[in-house]
Each structure stands twice: as C-alpha cells, then as structure tokens.
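Beneath this line is the structure, given in structure tokens, with notes to follow.
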Amino acid sequence: MTPEDLAFDAKHIWHPYSATGNPVAPLAVKQADGVRLILDDGTQLIDAMSSWWSVIHGYNNPALNAAAKRQIDTLPHVMFGGLTHQPAVDLCKALISIAPEGLDRVFLADSGSVAVEVAMKMAMQYWQALGKPGKQRFIALRGGYHGDTQGAMSVCDPDTGMHHLFNHALARQYFVNRPAPRFGQHCEPLHIRELEELLARNAQHIAALILEPIVQGAGGMYFYSAEYLSAARQLCTQYDVLLIADEIATGFGRSGKMFACEHAEIAPDILCLGKALTGGYVSLAATLATETIANTIARNPPQAFMHGPTFMGNPLACNIALASIKLLRESDWQAKVSQLEKTLQEKLLPLAQHKKVADARVLGAIGVLELHEAVDMRAVQQLLPGLGVWLRPFGKLVYTMPPYITSDGEIASIADAMQQIIERC
Ligand code: PMP
C-alpha cells in the first residue's frame, strides 16, 4: 500500500469506533497465515486477538480455504426466500447437534448484532402470539455488550454503551448490576435478589432476560459465577420470562466449554451465535430457539417470523461455517483450550502483582489484565509492530483471545507484549 493509499484511508474510510481524519494510522495487512498477520512491510505479528475473537483455527487454514473455494465455484450466493441449499441444511443440523438441549430451530443472520435483533424480535413476537402484548421489554446486565444496532444497543450497559448519545431513540430496558460473585465463587441468595425483585415487580412487562453467559466481553472482560447463571435460568422459568444467551463471543470453545452455558448446565430459550461460527472467515451469525417459541410464532398471525435479510443463509458463509465446526469437532479443542488456559495463567497471573495492574484473570482461551488507568491507544499502536504481537486493548483492559492453534512460546510472546504495554503505554 502506498503512502497515498494510507492517506486516502485516513481521510475517507471509517474504522470501528473511529473518526475519518483519525491521526492514529491503521497498520496495513497484506496477508495472514496461521497465527500471524503479515504487514505490507513484511513485519509479522502474532494475532493475539483472533481478529476480534473469531479466527479460532488461525488464518489460511487448508480445510476452510477448500470449503470456500468449492462453494465459490458452485453457488456463492442465492436468495433464501423460497429457496434452500445443502450448506444451510448441513450447517443447521450441525448447530442443532452441538447446541444446548432443546434449541432446534435456526435463523441464519448476517452478523452478531443482527442475531441479537432477531432474538429480541423473536421474544417479542412470541409473547404477542400468546396474547401478552405487554411483555415487550428486556432485562439486561450492567457491563453487558450485545452489539451496535438499535435493539442491541438498548440492552448494552447504559453507561459504557451508547445510551446517552441515542437516548431519544433507544427502547428503555431494565438493568441489574453485573453479578457480584466471580467465576468459581458461590452465588448466595443476596446476589440474585436484585434480579428476583425486578422480575417479581415487572414480569408482566418483560419479554426476556438477555445476558452473555459467564463471560461479559466487550463490556468489561468479566467472568462471573456459574451459579448466578443457573439461578437466573430458574428465575426466568419461575416468572415466565424467556432467557436469551448471547454466546456470540463465548461460543465454540472460547471459555473452555463448547458453549459457556455448559458451565452452569443450563439451556436458554434463545441462543445467539456469531464471530467464530465461520472460523473468522466471513460474516455469519445464527439465532437458535426452542420448538415452543417457533411453533407459537408459526401458529399465530401473521404466522411468520418477521425478519429476512438479503444475505440470509449465504451458502459461501454456511459452507465455511460447516467446515469450521467439523474442524473443531474433529480436533482435540478442549485439550488445546485447556493448555492455553494453563499457559495464560502461568504468564499473566503473576502480573497481578504489578503496581499498574488492578486484576489479572484467565478463563479458557481468554487472558485479561485490568489496569488502574486506561492505556494510551496511540502509544499502543506505535509500540506493537516492534513487539511482533497484535493486541487491541480498550480502556483499562489489556487482554488476549488467541487462536486455538497458538503455541506456548507464542503465548509467552503475547504475555511479554501485554507487559510492555502496561509499562510503556
Ligand atoms: N454480542 C456479543 C457478546 C459480542 O461480543 C458482539 C461483538 N463484539 C456482538 C454481540 C455483536 O456482534 P457483531 O460485531 O458481529 O455485530
């Protein structure tokens, strides 16, 4: 890429959460292979982010490449209205076979945020179909993140989300504090009381509780008690409120279980998947629901679930997702993730003693250093090429979610880079 191209990028192109005319220049990537990004100037960086938690098998994977090439040559896209195809059917069979019990109806969406919109609309349509049109609002956890579209934003943390900017347009939802007991700790009745009281008072207005099971991701990289999740599941059932599990970040092994709900041995009524679904190759997401929800919607006017994007069920994306799930199931991913967990613990937990670090935590293939103060992102961006590692901290959080094929030595390099960021940025 020429300097002129980079200047064009800076002036004309938006990047995530940035302004055009951004003084912090992005790094130009020309290729990627295994766990490494290769920059225009040949510099190689270990991708400690898995491209925002999606590239679980690494880049340039032969099985995923072959699945993409096969599909491009036969049927890269076809509309899903009135038509179907083998990759969609095979993918949905695979998803149903690995999903928590009872989730056997699948809506193929185009991105994580859309999967959340779909889940929320499903819950609202379900209660309307049951003759309870008053149940249209949602409970969400503070510290949660569910996406950037209108409905998804309304259930993101009201402070760190964008409520203040879009206050007049966002639906008003209910919020409870993030679970106090951390992962591995007991959840006492007092920890669940706020949720219980809210449900007791307002269940007649509430369609669903939406949460990220066990791991709150972009809202704070916080790991909470499995007992809280199972208590929340029980309360939803007791108060006749649906449970939506947003496993867009946690799905496909990231937390050490195929789905984070498995830590609490619960099944939600609606499940959102995305990110690692295609091994990070292309955008695809899925919303799974129970037969009860699907049938209730189907048997009541308008006898259809009212959502249907242009690229729904894109065959190219479905075929790659199918290959990614096959690769995961045929590999010993649990052993790989638990090895990553062990190495991350060895390398990161001692940094909890560092004077700039408030907390260090590891779960599955997720390692987090929470600092006392926010890092300087411009300094981070300048530092990283020299360290040979790609990280993207936010606020006070310096974290890694490496591809599952990352070696112990590469994890050591990632941990070193995280330490350098703390000390120099
Ligand atoms: N839910 C969760 C838990 C997420 O982490 C994200 C993305 N970070 C989303 C939803 C939104 O997904 P997308 O960016 O694909 O729209």
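Whatever order the structure lists them in is the order used to number ligands and atoms, beginning at 1. When reading the values below, keep in mind they use all heavy atoms of this one structure, side chains included, and skip hydrogens, waters and symmetry mates. What you are looking at is a predicted structure, and each value in this text was computed from that prediction instead of being measured.
Taking atom 12 (O) of ligand 1 as the reference point, the nearest protein heavy-atom neighbour is Gly112 CA, 3.3 Å.
Considering both main-chain and side-chain atoms, Trp53 never comes within under 3.5 Å of ligand 1 through any nitrogen or oxygen pair. Taking distance alone, with nitrogen or oxygen atoms compared against 3.5 Å, Ser113 approaches ligand 1 more closely than that limit. Inclusion of Ala249 in the set of residues having an N or O under 3.5 Å from an N or O of ligand 1 is not warranted.
Remark: side-chain polar atoms of His191 are paired, donor with acceptor, to backbone N or O of Glu188 under 3.5 angstrom. When atom types are taken as modelled, the side chain of Thr287 and the backbone of Ala115 share a donor-acceptor pair closer than 3.5 angstrom.
Here the NE2 atom belonging to His263 is positioned 6.0 Å from the CD1 atom belonging to Ile214, to the nearest 0.5 angstrom. To the nearest 0.5 Å, the span separating CG on Asn319 from OG1 on Thr74 amounts to 7.5 Å. Rounding to the nearest 0.5 angstrom, the gap separating the CD1 atom in Ile325 from the CG atom in Leu95 is 4.5 Å.
Contact annotation: Lys275 has at least one heavy atom less than 4.0 Å from an atom of ligand 1.
Those atoms of ligand 1 with a heavy atom of Asp246 less than 4.0 angstrom away are 1 (N), 2 (C), 3 (C), 10 (C). Close approach to Glu212 involves these atoms of ligand 1, each under 4.0 Å from a residue heavy atom: 3 (C). Close approach of ligand 1 to Gly147 (heavy-atom distance below 4.0 Å) involves ligand atoms 10 (C), 11 (C).
Both the backbone and the side chain of Tyr145 come within 4.0 Å of ligand 1, counting heavy atoms alone. With a 4.0 Å cut-off on non-hydrogen atoms, His146 touches ligand 1 through its backbone and not its side chain.
Taking the side chain as every heavy atom from C-beta outward, Ser255 and Phe223 never approach each other to under 4.5 Å.
Side chains of Gln136 and Gln128: a donor on one and an acceptor on the other come within 3.5 Å.
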